[in-house]
Each structure stands twice: as structure tokens, then as C-alpha cells.
Amino acid sequence: MQDARQYAPATLRNREAILETLLQILPPTGNILEISSGTGEHAVYFAPHLQQRQWIPTDPNPIAVSSITAWQKYHPSPNLVAPLTIDVTEPDWQGHPQLQNQDIQAIVNINMIHIAPWAACLGLLSGTNKLLPEGGLLYLYGAYKQNGKHTAPSNADFDVSLRSQNPEWGVRDLDEVIAVASQQNLVLKTVQPMPANNLSVIFQKISNQKTK
């Protein structure tokens with residue numbers, strides 16, 4: 001039987017630091033939705049440490065979904081649910097039937113925004129606003145520009161590499177992400193430096209500020 005597990009070397013380098021941050025910031029109750037779970041390596045590593053909450057992995061790529069499922073068989077955890085096929089560029093993705101009545105209090109998104117079109121970031125933030133309750137958290141991890149500049153030469157090189165693969169990809173300016181998030185009732189709580197010139201960016205959902 002063919003092993004469907006995929007491997008992302010960066011996972012082994014960043015998973016402990018990300019988990020440490022998640023343990024500090026995640027609400028004590030409620031479930032966690034991971035958008036763009038990729039290989040599934042983060043999901044199987046994080047879930048056992050968050051036993052009182054369900055970890056819900058998702059990805060739009062069938063190969064990734066198969067990888068997540070395969071990793072679950074090797075590292076099962078009672079609070080790690082089967083992956084969902086979700087594409088945040090699709091309208092109303094947050095209305096997925098299997099997300100209903102799940103008490104989702106946090107959304108986690110690791111290393112997606114720079115390896116996806118800008119529309120994926122917009123869709124993520126819009127859907128997060130609709131799905132999270134007031135006080136819920138959005139956790140983003142990855143490389144970002146700050147004040148319009150790369151935070152390290154390696155990130156500048158990474159940006160060039162990404163754009164050479166797909167001109168719609170690239171390291172995003174954090175100020176632009178924050179501006180869009182604010183339009184979606186997501187207020188910035190923390191920007192935390194992480195290993196390898198990455199950032200943890202944490203937003204909290206506030207009540208809808210639009211006048212009725």
C-alpha cells in the first residue's frame with residue numbers, strides 16, 4: 001500500500017516554537033480550525049497537546065488531504081478530526097456543513113498567505129470574521145514585510161523565489177494584512193518574532209462595528 005504522507009522540512013524546524021505560542025494564546029475551551037494544513041504534520045503534532053479541544057485540519061488540495069489522513073493513521077489523536085476540503089478563495093467557505101455547531105474559537109493559518117494569491121488572504125480574513133465569535137482568535141504564521149521592508153535578506157531572496165514560481169505569490173506587507181483585517185472586525189493583538197525571520201501574528205474578533 002502506497003504511503004500518502006507528504007513531508008515539509010520546515011515543520012520540524014518551527015513546530016515547537018509555534019506550539020509554545022499556541023499554548024500561550026489559545027482560548028482554554030472551544031475548537032481550533034486549521035486553514036491550509038498542508039502535509040498534516042503540524043496537525044498531528046499539535047493535537048495531542050490540546051486534548052480538551054478538537055483540531056480541525058483543512059486543505060483545498062486532494063493530495064494534501066490524503067497526506068493529512070495518512071499522517072492521522074500513523075499518529076492518531078482522539079481530538080484530531082478527519083480533514084475537510086476547504087478553499088478560502090471560494091465564497092462562503094465558512095458555511096461548510098461540517099463547520100456548523102463546532103464551537104470554533106480559534107483559526108490557525110501557517111505559511112499560506114505568501115504561497116497563495118492575495119485573494120486567499122482576503123478570503124481567509126472575510127470568512128474568519130463570519131465564522132469566529134466575538135473574542136475568538138486568528139493566528140497567522142509566516143514571513144512578512146514590516147514597514148514596507150523585508151525583515152532579513154533571506155526573506156527578500158525568498159520573496160524573489162516565490163514570485164518567480166507564481167507572480168501572484170510573495171511575502172506580504174504586514175501593514176496591508178492588518179488593514180484588511182481591521183475591515184473584517186479583527187483587531188491586532190500581538191506580533192511576535194519567531195525563528196528563521198518569521199512572525200506570529202494574532203488577531204482577535206471584535207463585535208461588528210458597522211452601523212445597522
Side-chain angles (χ1 to χ4, degrees), residues 10-59 68-69 71-72 74-84 86 88 93-113 121 123-142 144 174 177-178 180-182 184-195 198-209:
T11 303
L12 293 176
R13 298 193 295 267
N14 64 33
R15 64 184 187 178
E16 292 183 9
I18 294 174
L19 177 61
E20 182 179 348
T21 301
L22 291 177
L23 289 171
Q24 293 172 358
I25 62 112
L26 286 176
T29 60
N31 299 324
I32 303 145
L33 175 67
E34 183 185 15
I35 293 295
S36 188
S37 300
T39 64
E41 292 169 279
H42 279 128
V44 298
Y45 182 75
F46 295 154
H49 297 276
L50 301 164
Q51 285 287 348
Q52 301 307 310
R53 292 153 285 195
Q54 283 193 327
W55 188 277
I56 306 168
T58 74
D59 206 276
I68 298 164
T69 302
W71 273 109
Q72 286 179 303
Y74 279 85
H75 300 286
S77 182
N79 64 323
L80 179 58
V81 305
L84 307 180
I86 287 180
V88 294
W93 64 263
Q94 74 288 338
H96 192 291
Q98 289 175 267
L99 294 182
Q100 307 312 304
N101 304 313
Q102 285 287 351
D103 187 27
I104 295 169
Q105 295 290 329
I107 294 176
V108 171
N109 181 243
I110 299 169
N111 285 336
M112 180 199 80
I113 288 178
C121 178
L124 171 65
L125 297 173
S126 174
T128 295
N129 177 30
K130 296 171 184 174
L131 184 61
L132 281 185
E134 184 176 352
L137 294 181
L138 170 64
Y139 173 84
L140 305 179
Y141 174 92
Y144 292 92
L174 184 56
V177 177
I178 293 170
V180 175
S182 69
Q184 297 294 343
N185 303 307
L186 298 165
V187 62
L188 180 68
K189 285 195 67 180
T190 309
V191 177
Q192 179 177 325
M194 299 292 281
N198 290 299
L199 298 174
S200 284
V201 184
I202 299 105
F203 295 94
Q204 187 166 42
K205 169 72 183 294
I206 58 175
S207 61
N208 195 322
Q209 300 298 299

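Under the rule for a side-chain hydrogen bond (donor to acceptor under 3.5 Å, both in side chains), the partners of Ser200 that lie at least two apart in sequence or sit in another chain are Tyr139. The side-chain contact (heavy atoms from CB on, under 4.5 Å) test applied to Gln94 returns Asp92, Lys130, Leu131, not counting sequence neighbours. Here Tyr45 pairs with nothing under the side-chain hydrogen bond (donor to acceptor under 3.5 Å, both in side chains) rule; sequence neighbours left out. Every ring pair (Phe, Tyr, Trp, His ring centres under 6.0 Å) that Trp55 has, sequence neighbours left out, goes to Phe46. Partners of Gln184 by side-chain hydrogen bond (donor to acceptor under 3.5 Å, both in side chains), not counting sequence neighbours, listed by chain and number: Asn129. Thr21 meets the side-chain hydrogen bond (donor to acceptor under 3.5 Å, both in side chains) test with Gln192; sequence neighbours excluded.
Put simply, the side chain of Glu34 does not reach to within 4.5 Å of the side chain of Asp59, judged on heavy atoms. Contact annotation: the side chain of Lys205 never approaches that of Thr128 to less than 4.5 Å [non-hydrogen atoms, C-beta and beyond]. Residues Tyr141 and Asn111 are in side-chain contact: their nearest non-hydrogen atoms beyond the backbone lie under 4.5 Å apart. Taking the side chain as every heavy atom from C-beta outward, Phe203 and Val187 never approach each other to under 4.5 Å. Contact check for Lys189 versus Leu137: side-chain heavy atoms found under the 4.5 Å cut-off. At least one side-chain heavy atom of Leu50 sits under 4.5 Å from a side-chain heavy atom of Ile32. Under the 4.5 Å side-chain criterion, counting only non-hydrogen atoms from C-beta, Gln51 is in contact with Ser77. With contacts defined as side-chain heavy-atom distances shorter than 4.5 Å, the pair Ile68/Thr39 does not qualify.
What you find for His49 and Leu23 is that their closest heavy atoms are O-CD2, 3.9 Å. Closest heavy-atom contact between Ala106 and Leu26: CB-CD2, 3.6 Å.
Atom-to-atom distance recorded for Cys121:SG and Leu140:CG is 7.5 Å, nearest 0.5 angstrom. One finds the CZ atom of Arg13 at 8.5 Å from the OG1 atom of Thr11 (value rounded to the nearest 0.5 Å). Atom OG1 in Thr58 sits 5.0 Å away from atom CD1 in Ile86 (nearest 0.5 Å). From Leu33, atom CG reaches atom NE2 of His96 across 10.0 Å, with rounding to the nearest 0.5 Å. Note: His75 NE2 to Leu80 CG = 11.5 Å, rounded to the nearest 0.5 Å. Atom CD of Glu41 sits about 8.0 Å away from atom CZ of Arg15, to the nearest 0.5 Å.
A donor-acceptor pair is defined here as one N or O able to donate and one able to accept, closer than 3.5 Å; no such pair exists between the side chain of Asn198 and the backbone of Met194. Formation of a donor-acceptor pair under 3.5 Å by the Asp103 side chain with backbone atoms of Asn31 is not found in this model. The backbone N or O of Gln54 lies less than 3.5 Å from no partner atom in the side chain of Asn79, so there is not a single donor-acceptor pair. With hydrogens and angles disregarded, a donor-acceptor distance shorter than 3.5 Å links the side chain of Trp93 to the backbone of Gly123. No donor-acceptor pair closer than 3.5 Å links the side chain of Thr190 to the backbone N or O of Ile202. Judged by distance alone, with hydrogens and angles left aside, the side-chain atoms of Arg53 form no donor-acceptor pair with the main-chain N or O of Ala47 at under 3.5 Å.
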Verdict with supporting geometry, Gln204 and Leu132, side chain to side chain contact (heavy atoms under 4.5 Å, CB included) = CA-CA 9 Å; Gln204 187 166 42; Leu132 281 185; over 6 Å; no

For a side chain to side chain contact (heavy atoms under 4.5 Å, CB included) check, start with the C-alpha distance between Leu186 and Leu125, then their side-chain angles and the critical distance, and finish with the verdict. CA-CA 8 Å; Leu186 298 165; Leu125 297 173; 3.9 Å; yes

**Residue pair Ile56, Gln102: steps toward the side chain to side chain contact (heavy atoms under 4.5 Å, CB included) verdict** = CA-CA 10 Å; Ile56 306 168; Gln102 285 287 351; 3.9 Å; yes

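Atom CD of Gln100 has more than 12 heavy atoms from other residues, nucleotides or ligands within 6.0 Å. Annotation for Asn101: atom CG does not count as buried by contact number, only 12 or fewer foreign heavy atoms lying within 6.0 Å.
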